[in-house]
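Notes to accompany the following structure.
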Protein chains: 2
Amino acid sequence: MYKIGTLAKKSGYSPNLLRVWEKRYGFLQPGRGSGGQRLYPEEDLRLLLVIRRELEKGRSIGELALLGRAQLLLTAGAAAGSDAAWQPQPGSGEPGEYGAFVAPLVEAAAALDLTALTLGLDAAFSRLSPDVVVHRVIAPAMARIGGEWRQGRVTVAGEHLVSSLMEYRLRNLLEASGPRVGASVRQAPVICACFPGEEHRLGLLSVAYCLARQGLPVLYLGASLPFAALEVSINQAGAGSVWLSVTGPEILQSSRRQFINLISAYPAVRFVLGGQAVTAEDEQLSNKGCRVCPCPFPLPDGIVPLLG
Amino acid sequence: MYKIGTLAKKSGYSPNLLRVWEKRYGFLQPGRGSGGQRLYPEEDLRLLLVIRRELEKGRSIGELALLGRAQLLLTAGAAAGSDAAWQPQPGSGEPGEYGAFVAPLVEAAAALDLTALTLGLDAAFSRLSPDVVVHRVIAPAMARIGGEWRQGRVTVAGEHLVSSLMEYRLRNLLEASGPRVGASVRQAPVICACFPGEEHRLGLLSVAYCLARQGLPVLYLGASLPFAALEVSINQAGAGSVWLSVTGPEILQSSRRQFINLISAYPAVRFVLGGQAVTAEDEQLSNKGCRVCPCPFPLPDGIVPLLG
DNA sequence: GCTGTTTTGTCAATGTATTGTATATATTTT
DNA sequence: AAAATATATACAATACATTGACAAAACAGC
């Protein structure tokens with residue numbers, strides 16, 4: 001049994017909000033202690049985490065209240081919170097104001113701790129806007145994990161665990177945001193894919209999310225798309241622009257020639273090449289009409305002018 | 001029940017347009033909440049997705065309004081079954097009673113139609129149990145798409161689009177099911193990962209989902225996990241069993257020797273190797289204590305005894 | 001071709017509802 | 001006494017409802 005402060009910390013919602021939700025919607029009906037204090041069962045924490053997931057997907061709390069407690073617990077994504085409490089260490093020597101969110105994720109990767117990882121992500125999503133989580137928490141966390149991996153403090157397994165879960169959460173955001181391909185106003189869709197041979201999808205997903213948030217119809221095609229398939233896709237979907245992500249310089253180099261040929265064949269399509277492998281001063285590509293965007297996780301502000 | 005904003009996001013039509021359609025044509029007649037807000041049932045979302053499909057085919061909204069709601073929903077169901085022109089072909093598995101769900105997915109892959117794909121998956125998930133969807137719809141659909149790809153009727157892009165979305169949906173199921181690592185009762189976790197070099201995750205995800213549904217704590221580590229990292233993970237997580245998935249025979253062959261070494265080093269850990277690359281009569285692996293499971297999407301019935 | 005009408009999607013103005021947060025005050029726990 | 005909690009109320013930002021107007025496109029007739 002949790003008291004309201006404990007539940008608040010574990011779920012990421014303020015005690016005030018928990019009380020208000022109880023009064024307004026009634027899906028939390030905690031028992032009371034001798035002095036009238038609310039005592040919540042473990043299940044309530046799971047319910048709150050489900051609610052967080054659904055809110056992330058864009059639904060409103062009123063809707064969820066209509067669904068009712070049983071259906072929420074049954075159908076939606078449940079994350080079991082265990083005793084691994086997440087403590088927001090304010091200003092614990094971490095650089096930047098979001099270090100308190102980044103550090104637990106890196107530690108969870110090192111310890112292969114799925115629970116801590118989930119709690120850390122929940123904490124970040126509950127206190128920060130999705131954009132900030134993507135660019136100020138997830139991106140630095142992945143960069144840090146990469147660094148720790150090179151130093152042998154995080155294994156490939158830890159990196160896989162984290163990137164897999166983050167991919168899921170980002171995908172969740174992507175599904176929730178904006179109209180999809182085929183929406184009412186026929187707008188040329190944006191194709192998002194990884195360069196042939198590229199398997200890292202996180203940067204691409206963050207770009208896709210930013211684009212979708214701007215109301216653009218995004219066709220997310222995932223990792224390592226061969227140029228032949230990309231070409232067919234452009235024609236088939238009538239794409240107006242194509243975002244490609246590539247992190248390994250050698251991957252870019254090995255298909256560079258073919259890429260330039262592709263650009264030249266479709267002058268009406270706007271190509272954007274992003275990712276760590278890209279250098280901003282790549283004039284050969286720029287001259288061919290391909291925008292380059294070295295930042296693996298472009299800031300929302302940075303994207304608007306690129307597409308304006 | 002959806003409020004208008006949620007329905008707008010999910011259907012791709014603006015809240016304004018939904019209200020205007022309701023007034024002009026009346027095929028959406030949502031109930032009202034206590035404050036007068038529109039509340040749409042799940043069926044309305046399906047109807048809107050059908051409407052979009054029809055609009056894209058060139059019909060006008062006025063025409064569709066004349067048809068009426070029931071007929072719209074009905075014709076869509078019929079189209080999913082017959083219009084798809086999916087004929088059972090010898091040697092590629094029996095059509096079974098779920099062909100009506102499989103065919104639209106294959107078609108959506110061929111047409112790069114994200115909307116149809118989402119609609120098809122929604123239809124399957126809303127009418128069938130998750131297990132049936134995984135093993136009777138998704139698995140055959142992927143197999144069929146693979147076949148169409150070899151015949152050039154589906155591009156790599158189509159395959160990517162479908163497998164990416166299915167991965168997300170499966171991941172959703174995995175997140176929703178059962179206790180995770182670190183849950184209250186400390187149980188030895190099951191590590192699920194792809195063989196080194198293997199990038200296909202769908203089969204692995206379906207296995208992970210089946211295991212999680214049985215209440216096992218699953219540590220899902222995704223694609224291509226090197227043996228060194230796997231070994232660290234086993235120790236770090238105290239894994240009781242390890243599921244590995246491998247679809248390409250050449251991938252298995254290239255690391256077979258190392259894998260056998262790994263098995264021998266951990267006699268207390270139960271290893272299971274699954275995927276299309278595995279042959280049931282692989283006695284060399286069986287004798288070393290590694291269970292083999294050739295089916296890429298093991299049926300729920302088939303899994304229970306393996307772990308019992 | 002041109003013009004008028006219908007269809008169809010969008011937008012603005014105004015009022016209400018929802019929803020997260022904050023305040024004030026009393027009570028309980030530590 | 002200090003911190004945490006309970007209750008009630010207030011408030012601002014956002015989302016929603018309603019009405020009416022408006023523009024682009026499709027279509028009819030000339």
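All values below were derived from every heavy atom in this structure, side-chain atoms included, with hydrogens, water molecules and symmetry-related copies excluded. Lettering follows sequence order; numbering is per chain, from 1.
- For the pair E22(B) and R32(B), the salt-bridge criterion is met [side-chain N within less than 4.0 Å of a carboxylate O].
- Residue I51(A) contributes atom CD1, which lies 14 Å from atom C1' of dG20(C) at whole-angstrom precision.
- Under the 3.5 Å distance criterion, the side-chain polar atoms of T6(B) are left unmatched by any main-chain donor or acceptor of Y2(B).
- With DNA chain C read from its 5' end, the first of the two nearest nucleotides for Y25(A) and W21(B) is the one closest to W21(B).
- L161(B) CG to M166(B) CE: the interatomic distance, rounded to the nearest 0.5 Å, is 9.5 Å.
- A 4.0 Å heavy-atom criterion places the boundary nucleotides of DNA chain D facing chain A at dT5(D) to dT9(D), written 5' to 3'.
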Base, backbone or nothing for each nucleotide of nucleotides 23-30 of chain C, written B, S, -, heavy atoms under 4.0 angstrom, 5' to 3'?
B----SSS
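- Taking atom CG on L18(B) and atom C1' on dT8(C), their separation rounds to 14 Å, with Å as the unit.
- Atoms CD1 (I61(B)) and C1' (dG9(C)) sit 11 Å apart, rounded to a whole Å.
- Between R171(B) and E167(A) no salt bridge is recorded (no basic side-chain N to carboxylate O distance below 4.0 Å).
- Here the P atom of nucleotide dT16(C) and the CZ atom of R38(B) are 17 Å apart, to the nearest Å.
- Here Y13(B) and W21(B) bring their ring centres to under 6.0 angstrom of each other.
- Contact between the side-chain N/O atoms of Y13(A) and the OP1/OP2 oxygens of dG20(C) is not found at any separation under 4.0 Å.
- Rounded to an integer number of Å, the gap from CD of E63(A) to C1' of dA17(C) is 14 Å.
- Under 3.5 Å, the side chain of R19(B) and the base of dG9(C) form no donor-acceptor pair of N or O atoms.
- Salt bridge absent: K10(B) and D44(B) never bring a charged side-chain N and a carboxylate O closer than 4.0 Å.
- Using a distance-only test at 3.5 Å, with no hydrogens or angles considered, no donor-acceptor pair links the side chain of R270(A) to the main chain of V242(A).
- A straight line from NZ of K23(B) to P of dG9(C) spans 14 Å, rounded to a whole angstrom.
- Ion pair E63(A)/R38(B) not flagged as a salt bridge, since none of the NZ, NE, NH1 or NH2 atoms sits closer than 4.0 Å to an Asp/Glu carboxylate oxygen.
- Each of Y40(A) and V20(B) was assigned the nucleotide of DNA chain D with the nearest heavy atom; the assignment lying further toward the 5' end belongs to Y40(A).
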